[in-house]
Amino acid sequence: MTQIHKRLAGLEDIAEIAAEIAASLAPGDVVALSGELGSGKTTFARALVRALHGRDDVSSPTFTFRHTYAGSPPVEHIDLYRLDDPAEARELGLEEALENGAIVLVEWPERWPAFVPERHLAVHFEGAGDAPREIEVRRMGASRAAR
Ligand SMILES: Nc1ncnc2c1ncn2[C@@H]1O[C@H](COP(=O)(O)OP(=O)(O)OP(=O)(O)O)[C@@H](O)[C@H]1O
Ligand SMILES: [Mg+2]
């Protein structure tokens with residue numbers, strides 16, 4: 001089921017949609033962020049952290065695979081772009097991020113599809129640079145009520 005499919009006029013729209021989605025998330029939820037290079041995945045992840053933690057001072061840490069934003073609940077931000085091999089991810093202990101009662105945001109989920117649980121929120125971005133941008137949000141897998 002497509003929950004949201006919108007044209008993004010600019011960065012302001014991101015904050016609004018992030019707030020809407022943040023309100024529907026619970027600890028343990030996983031959000032898969034897909035879309036081409038530069039389509040806005042990290043920008044959206046930071047907007048979600050802002051909305052979830054109710055702060056405006058979310059920094060932009062450079063991290064390779066994982067950054068934990070402490071808060072209630074914590075947010076785990078995982079970026080699988082540079083992942084060559086799931087074995088590497090296991091060595092790095094990335095799966096721990098799923099066991100912290102955190103909300104887990106995953107960029108480039110297609111690099112390691114098995115990392116993403118069946119039940120997750122799929123957020124897809126279209127467009128980069130000056131191209132028109134769109135966001136599409138779908139809830140995947142069993143609904144919470146059906147668990
Ligand atoms: N809705 C938007 N409107 C206009 N510019 C945007 C929007 N979303 C993101 N941008 C800009 O696009 C650029 C790339 O954004 P971002 O780093 O979030 O993309 P990304 O999908 O995470 O890229 P990567 O694939 O490299 O991880 C940034 O300069 C950001 O400010
Ligand atoms: Mg990114």
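Keep in mind it's a predicted model, so treat the numbers as computed, not measured. Atoms within each ligand, like the ligands themselves, are counted from 1 in listed order.
In this structure, of L8, T43, L37, L11, the residue bringing a heavy atom nearest to atom 7 (C) of ligand 1 is L11. Between E107, R133, E134, K41, it is K41 that holds the heavy atom closest to atom 25 (O) of ligand 1.
A heavy-atom distance below 4.5 Å is not found between the side chains of F115 and P86. Proximity of D13 to L11: side-chain heavy atoms (C-beta onward) are nowhere separated by under 4.5 Å. Under the 4.5 Å side-chain criterion, counting only non-hydrogen atoms from C-beta, V106 is in contact with V30.
Atom CD of E118 sits in a sparse spot, with 12 or fewer heavy atoms from other residues, nucleotides or ligands closer than 6.0 Å. In the displayed structure, E16 atom CD is contacted under 6.0 Å by at most 12 heavy atoms of other residues, nucleotides or ligands.
Ring-centre distance between Y69 and H53: not below the 6.0 Å cut-off.
Counting only distance, with no hydrogens or angles, the side chain of N100 and the backbone of A97 share no donor-acceptor pair below 3.5 Å.
For I14, no nitrogen or oxygen atom sits less than 3.5 Å from a nitrogen or oxygen atom of ligand 1, counting backbone and side chain alike.
Taking atom 17 (O) of ligand 1 as the reference point, the nearest protein heavy-atom neighbour is T42 CB, 4.0 Å. Shortest contact from atom 14 (C) of ligand 1 to any protein heavy atom: G38 O, 3.5 Å. Of all protein heavy atoms, the one lying nearest to atom 19 (O) of ligand 1 is G40 N, 3.1 Å.
Inspection of the E134 and H124 side chains reveals no N or O donor paired with an N or O acceptor under 3.5 Å. Side-chain contact of E107 with T42: a donor-acceptor pair under 3.5 Å is present, judged by distance alone.
If you look at W108 next to ligand 1, the close heavy atoms, those under 4.0 Å, all belong to the side chain.
Distance remark: protein heavy atom not present below 4.0 angstrom from atom 29 (O) of ligand 1.
Among protein atoms, those of element N, O or S found less than 2.8 Å away from the Mg ion (ligand 2) are T42 OG1, E107 OE1.
The ring-ring contact (aromatic ring centres under 6.0 Å, His included) pairs that include a residue from residues 13-48 are F44-F125, where partners are two or more places apart or lie in different chains.
Following chains of ILVMFWY side-chain contacts shorter than 4.5 Å, one cannot reach L80 starting from L33, and the two form parts of different hydrophobic clusters.
Atoms of ligand 1 lying under 4.0 Å from at least one heavy atom of G10, given by number and element, are 1 (N), 3 (N).
For the pair G35 and ligand 1, no heavy-atom separation below 4.0 Å is found. Using a 4.0 Å heavy-atom cutoff, F125 is absent from the residues neighbouring ligand 1.
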